[in-house]
Structures are given as C-alpha cells and as structure tokens.
Amino acid sequence: MLALSRRAASLGTENAFVVLAEVNALLRAGRDIVSFCIGQPDFPTPTLIQDAAVAAVRGGKHGYTPSAGIDELRAAAAASMSRLRGIPIGPDEVVVGAGAKPFIAYAIASVTDHGAGDEVIFPVPGFPIYESQCMALGAVPVGLPLRESRRFAFDPDELAARISPKTRLLILNTPHNPTGGLLTRADLEAIAQVLRRHPQVWVYADEIYSRLVYDGQFTSIAALPDMQERTIIADGVSKTYAMTGWRIGFAANRTLAPVFTRWITNTESCAAQVSQWAAVQALDGPQDEAEAMRARFAARRDLIARLLNQVPGFSCASPGGAFYAWPNVTEACALIGAADSEELRRRLLHEAGVAVLADIHFGPRVAGDGQHIRFSYATDEGSIEQGVARIAEFMRNNTRPPRQ
Ligand code: PMP
C-alpha cells in the first residue's frame, strides 16, 4: 500500500489559508464578506520597485543566482539590517531566501537533530509555522505563553523555567503576529539575562515586522551585549514594501550563513533573480513610500482599536506594531452565548459577513487569558469601518438577556 510518512502527517498548516478558502467559497456563492484574514499590505508595490523588476527582465537578469543571493542584495540587506539595529552586519553574514518564511525551517533543521529530543521554545499564541516545522523536523516544540497583562510579552521567569539542557533554539517574534505586541528593550534585556546562563541556546529573531512599529522604537535582541553571535536575524521586504508575492526575505548570522546557503542549494537553488533586483531597489532606493504605508497602518491601527473598543464585549489593547489587532472577546462570547472564540468567528463569518481568525489558529489558548480573535488591518479604512460596524450590529442583535 502507498503510505505517507509520519513527517508528512505531522506537518501543520497556516489556518489563515484554510479560512481564506472558506471565505473565497462564500464570495463565489455571492456573499458579501469584509475580510480581515490575510496578513499582507493592500497597497501596490511602489512603482520604482516594479520598474527595477521590469529592467531586470529586459536586461537579461533572469537566470540562476548564487544560492546566497546576488552580492548587491546581500550588501543592501546587510546595510539595512545593520542601520535599523545599530550593529555591524557584513554582506557575507546575510543569505537571501524566497521570503523570510523558509528560514524558520532552515534554522530549526540546522540546530536540532531529528528525534534527539532537542527542544525549541516559541511564543504562544504565535505564527503557526514555528510549531509545524518543529513537528515535521523531529524537534520538540515547547510553547511559551504570552500574557495580555504584560502587553503580550512573556514572563522571563516562565522562559527560564522552560529552558532545559535539551533546549537548542528560542524563537522570538517582535513586532508580533498575531497580537501586534512589541518586546521592549527592558523585555529583551531580561530575556538576554536568562540566555547568558544557557550558552547552548540559539535565538531565531523573527523581525519581519521590524519597520512597522508605531509606539516607541524597535529593538532587536541581537543588539544586546553577547547576543549577536547566537542570534539569527530574519527580516525581508514582504511587509515593509508591500512585496509579499515577490518572495524575498533574508537572514543574518555569521556561523549559519554558509549552512543556510547549502539548504537553499538543496531546495530552491536561489530566490528569483528578478525579485532580488526589485528588493535591491526597495532597500537602497527612496524610503518615502514605505514610510507613507507605515503612517497609513498607524492611522488604521488607531481607527480599528477605537472602533473595536466600542463593540459590546470587545476590549482591544492598542497594538504597538505589525498590522494585527487582537481584541479580547471573552465577554462578547458570553453575551451571545458562544462557547468560544472559534464559534464567535464562525458566526461573524456566516451571520455578519466578517472574516477574522480565532486564537486557536495560533496555538492553544493561554490559560487564564480568555478568548481572542485576530484582525489584520492591512485593509482600507472604509472596510475597517464597515466590518466593525457589522460586528457591532451583530452583537447588539444577538446579545441574550441576562439570566434572572
Ligand atoms: N514570520 C511571521 C511572524 C509572519 O507573520 C510572516 C508572514 N505572515 C512571515 C514570517 C513570512 O514572511 P515572508 O512572506 O517574507 O515569507
């Protein structure tokens, strides 16, 4: 009999794509849906970047490149990452990939051995690919709860309690998907202090939203004393320059750069050359359009947080970065008699025509932290107003009278 491997069976998915298929089916059936599901900018890629890609195609720059990427992009990415974090990063420490996402798997595969009991600690809620890749690559996933009371950071003591001699990798994500939370310099200093006691632990700093910060300043753990050597910085152009489909990301670590390069030779060979030239233009060219997009996201953040806080049963902390809002809907569930956030999500989709994701799409719920749903506000202001108005009306129409 033809069989699938246990590895294939254990591979998880990103539920955003599953919900998206559900939404698309409803749209095809003629339903009117306001969607807050997908985490990508709704802006077109800036024209100068598009032009650089066209010039690359016309100029015959469309063959394979070295697996680590073209020198121009490695240099541009190194300079850009270095500037934002205030640390020296050389082009030879940087590897270009088809998005930032592949480096999650490359990092886990490079520092854990399959079936050896090697542990990877990652945030919960969190980007679902962290756990999914741990499972597929035979590492032991160890969730670290983020707490609303800490503005969706985690308690360094809880981190310390989870580190064992088997811990190989700690995944950090700031600004954070799905909560929009930021790790402050003080948070990162506390984390670094714990890590200094455990020299065997690598850090994967998923900083894909590093340029979408609205409150205070972005800080990377790599910028703290003793941390750069063990930190893999992952960043890219997807979110900052509205380039999700171009598939360009990069990772920086002196020791692992040649290892990541070998993984790429073994998988996609190289990132698309045309997209690499577009990314050079994005990083080296004028930054005004990226800044304008960031300013629009900041205004939308204020809009959606204000509107969500007016919905009965919703309470939304102001997210400091990325483009996600993560309201607490524990009371909303109680008001309409929904068992949990997933039932609320389904009812919002089918009865109110609003698509969101539920907390369970990002890992198990954190005990004591209640129910949450995720909104991506990378959508226009009119849709934000209309979508939240629909939810408010749904809540008003479905709130049950209090029990006598
Ligand atoms: N990390 C996180 C936390 C993300 O949210 C995403 C995109 N949703 C990625 C990585 C992947 O980014 P890219 O499109 O560059 O592969």
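Just so it is clear, the model here is predicted, and its values are computed rather than measured. In what follows, every heavy atom counts, from backbone to side chain, and hydrogens, waters and symmetry copies are set aside. We count ligands from 1, going down the list as the structure has it; atoms in each ligand are counted the same way.
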Trainee: Take N177 and R374 through the test side-chain hydrogen bond (donor to acceptor under 3.5 Å, both in side chains) and record every step on the way to the result.
Mentor: CA-CA 9 Å; N177 177 8; R374 191 195 80 169; 2.8 Å; yes

Trainee: Geometry only, no angles: is Y209 polar-contacting ligand 1 at N/O separations under 3.5 Å?
Mentor: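 The answer is yes, given that Y209 and ligand 1 share an N or O pair closer than 3.5 Å.
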
Trainee: Give the residue, atom name and distance (to 0.1 Å) of the protein heavy atom nearest atom 2 (C) of ligand 1.
Mentor: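 Checking every protein heavy atom, the shortest distance to atom 2 (C) of ligand 1 gives D206 OD2, 3.5 Å.
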
Trainee: Check whether any heavy atom of H176 sits under 4.0 Å from an atom of ligand 1.
Mentor: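 False for this residue.
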
Trainee: Could you check whether R162 pairs with D157 (Lys NZ or Arg NE/NH1/NH2 to Asp/Glu carboxylate O, under 4.0 Å)?
Mentor: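 Salt bridge absent between R162 and D157.
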
Trainee: Should the pair W263 and Y106 be assigned to parallel (<30°), tilted (30 to 60°) or perpendicular (>60°) ring geometry?
Mentor: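 The arrangement is parallel - the two ring planes meet at less than 30°.
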
Trainee: For ligand 1 and E14, I'd like to know whether there is a polar contact (N/O to N/O, distance under 3.5 Å).
Mentor: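 Between E14 and ligand 1 (N or O atoms, distance only) the closest approach is not under 3.5 Å.
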
Trainee: Under 4.0 Å from a heavy atom of G99: give me the atoms of ligand 1 that qualify, with their elements.
Mentor: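 Here the atoms of ligand 1 in question are 15 (O), 16 (O).
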
Trainee: Just wondering, do V95 and F250 contact through their side chains at under 4.5 Å, heavy atoms?
Mentor: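 A side-chain contact is absent here, since even the closest heavy-atom pair is not under 4.5 Å.
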
Trainee: Flag the pair C37 / V356 as yes when at least one side-chain heavy-atom distance between them is below 4.5 Å, and no otherwise.
Mentor: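 With C-beta onward as the side chain, the pair stays apart.
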
Trainee: What are the atoms of ligand 1, with element, lying closer than 4.0 Å to any heavy atom of S238?
Mentor: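 It comes down to these atoms of ligand 1: 13 (P), 14 (O), 15 (O).
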
Trainee: For atom 8 (N) of ligand 1, grab the closest protein heavy atom and report residue, atom and distance to one decimal in Å.
Mentor: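 Protein heavy atom with the smallest distance to atom 8 (N) of ligand 1: K239 NZ, 2.9 Å.
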
Trainee: Do H176 and Y324 touch side chain to side chain, with heavy atoms closer than 4.5 Å?
Mentor: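 Result no, sub-4.5 Å side-chain heavy-atom pair not found.
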
Trainee: Would you say R247 contacts ligand 1, with heavy atoms under 4.0 Å as the rule?
Mentor: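 Right, R247 reaches ligand 1.
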
Trainee: Any atoms of ligand 1 less than 4.0 Å from a non-hydrogen atom of N173? List them with their elements.
Mentor: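 Numbered from 1, ligand 1 contributes 3 (C).
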
Trainee: Hey, does T244 sit under 4.0 Å from ligand 1 if you only count heavy atoms?
Mentor: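 Judged by the 4.0 Å heavy-atom criterion, T244 does not count as contacting ligand 1.
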
Trainee: Nearest non-hydrogen contact with atom 13 (P) of ligand 1 belongs to which option: G245, G97, A100?
Mentor: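 Closest candidate by heavy-atom distance is A100.
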
Trainee: What I'd like to find out is whether the side chain of R150 reaches to under 4.5 Å of the side chain of D155, using heavy atoms alone.
Mentor: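 Side-chain contact under 4.5 Å: yes.
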
Trainee: Suppose I only count heavy atoms of Y130 and a 4.0 Å limit; which atoms of ligand 1 are within that range?
Mentor: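 What qualifies from ligand 1 is 3 (C).
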
Trainee: If you take the nearest heavy atom of each of F127, F103, W246, which one is closest to atom 6 (C) of ligand 1?
Mentor: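 Nearest option to atom 6 (C) of ligand 1, by heavy atoms: F127.
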
Trainee: Which bit of Q40 gets closer than 4.0 Å to ligand 1, counting heavy atoms only: side chain, backbone, both or neither?
Mentor: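 No part of Q40 comes within reach of ligand 1.
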
Trainee: Looking just at side-chain N and O atoms, do N328 and S315 make a donor-acceptor pair shorter than 3.5 Å?
Mentor: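 Checked: N328/S315 side chains show no N/O donor-acceptor pair below 3.5 Å.
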
Trainee: Which word best sums up how the rings of W326 and H372 line up, parallel for under 30°, tilted for 30 to 60°, or perpendicular for over 60°?
Mentor: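 Taking H372 first and then W326, their aromatic rings lie parallel (interplane angle under 30°).
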
